[in-house]
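One structure is given below, encoded as structure tokens.
Order of the sequence lines sets the chain letters (A, B, ...), proteins ahead of strands, with each chain counted from 1.
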Amino acid sequence: MRAEYVDAVLQVVDLIPPGSVLSYGDIAELLGVGGARQVGSAMSASGSTTTWWRVLRASGHVPEGHTAAALTNFRSEGTPLLGAPEALRDGGSGPWRVDMRRCRWSPDDSTMDRIEHIARSLESRLHRMSVADDEMEA
DNA sequence: ATTCTGACTTGCT
DNA sequence: AAGCAAGCCAGAA
């Protein structure tokens, strides 16, 4: 996983407003590079210094082991959740998920421009890196 | 070159 | 609802 890739993913994550979310696959699609699994790896590598809870599975489920922390963030942001009330008790250990249909983020036009800029920048940086790699072998 | 692994996704039961 | 199989992309062994 290239550092450039992780950077680009995090730049997009930073644009997601409170109360909204994107799936791993959404971000991969916005960047036009890599797939959902790459975005997942990038998030895993980036630690807790980000608003990681705004990126989750397409099903609305948050990554294993992070349900309690995510739930408190969702509560403070008013993120819409699905699931029986009893599932949300004590740390949210039960079967609940984010209501993706209601809070999946759709960037406005100007924000989409910024995302496209991030994507273009990523591609050129990645290209330069691969050229540098080729020269290493020679 | 192969095989394994992962904060994934979709479709089918 | 929940589990499973396949497909997916890349990095690591």
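Ranking C/dA2, B/dC8, B/dT10 by closeness to the A/P95 side chain, first place goes to C/dA2. In this structure, the nucleotide among B/dA7, C/dA2, B/dT9 sitting nearest to the side chain of A/W52 is B/dA7.
Residue A/W96 contributes atom CH2, which lies 17 Å from atom C1' of C/dA1 at whole-angstrom precision. Computed from coordinates, the A/R2 CZ to C/dC9 P distance equals 19 Å when rounded to whole Å. Protein atom CG of A/D26 is 14 Å distant from nucleotide atom C1' of B/dT10, rounded to whole Å. Separating the CD atom of A/Q38 from the P atom of B/dT9 is a distance of 11 Å, rounded to the nearest angstrom. To the nearest angstrom, P of C/dG3 lies 11 Å from CZ of A/R57. One can place CE of A/M100 at 10 Å from P of B/dT10, the figure rounded to the nearest angstrom. Between A/R37 atom CZ and B/dT9 atom P the separation is 9 Å, expressed in whole Å. We find that CD of A/E4 is positioned 11 Å from P of C/dG11, with the value rounded to whole Å.
A distance of 11.5 Å separates CG in A/N73 from CZ in A/R75, rounded to the nearest 0.5 Å.
Its glycosidic angle being more than 90° from 0, B/dA1 falls on the anti side.
When side chains are defined from C-beta on, A/L30 counts as touching A/M112, because their heavy atoms get closer than 4.5 Å. A 4.5 Å side-chain heavy-atom check between A/V98 and A/L82 finds every atom pair outside the cut-off.
Sequence neighbours left out, the pairs with a member in residues 25-41 of chain A that pass salt bridge (charged side-chain N to carboxylate O under 4.0 Å, His left out) are A/D26-A/R104.
Side-chain nitrogen and oxygen atoms of A/S23 include at least one within less than 4.0 Å of the OP1 or OP2 phosphate oxygen of B/dT9. One finds a side-chain N or O of A/R97 lying less than 4.0 angstrom from the OP1 or OP2 phosphate oxygen of C/dA1.
For B/dA7 and C/dA6, the P atoms lie 22 Å apart once the distance is rounded to whole Å.
Here A/S44 lies in heavy-atom contact (under 4.0 Å) with a base. A/M1 comes within 4.0 angstrom of sugar-phosphate atoms only, judged by non-hydrogen atoms across all strands, and of no base.
Between the side chain of A/R54 and the backbone N or O of A/I16, at least one donor-acceptor pair lies under 3.5 Å.
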